[in-house]
Amino acid sequence: MKERQKKERGRFRKAVVVLIRNTTWRCGKLERLIVKHLHRESTGLGKSGTPLTDMLQSFNLSGKRRNEFLDAIKRLERRNIVKILSV
């Protein structure tokens, strides 16, 4: 179990999140906020991806809420709404 957590931690250390589809159908509140944030970032500045560390800082998350945020991003990736690219 700890090996899997270390792999996940390493995966998200320098990750970039890219919005594939701008849809929030059957998503929770946190997922909607993430998609809205990614859409705003991509349309405003024209860049395709947002670093995960920047998103964590802008949402001002720590502890349990940070874990919920990472779980929400994983759910969005499973639904093919976002793509997580490890750099």
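Note that the coordinates shown come from a computational prediction; the quantities given were computed from them, not determined experimentally.
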Distance, nearest 0.5 Å, that separates [atom1] of [X] from [atom2] of [Y]:
X   : Y   : atom1 : atom2 : answer
S58 : R40 : OG    : CZ    : 8.0 Å
I34 : L19 : CD1   : CG    : 11.0 Å
M55 : I73 : CE    : CD1   : 4.5 Å
D71 : R66 : CG    : CZ    : 11.0 Å

Any side-chain heavy atom of [X] within less than 4.5 Å of one from [Y]?
X   : Y   : answer
T23 : R79 : no
C27 : I81 : yes
I84 : L52 : no

Non-hydrogen atoms of [X] and [Y] that approach each other most closely:
X   : Y   : value
N22 : V35 : OD1-CG1, 3.4 Å
L56 : F69 : CD2-CD2, 3.4 Å
S48 : V18 : O-CG1, 3.5 Å

**Request:** Test L61 against every option in Q57, K64, R65 by the side chain to side chain contact (heavy atoms under 4.5 Å, CB included) rule and name the one that passes.
**Result:** R65
**Asked** Which pairs pass salt bridge (charged side-chain N to carboxylate O under 4.0 Å, His left out) with one or both residues in residues 17-34, sequence neighbours excluded?
**Response** E31-R75
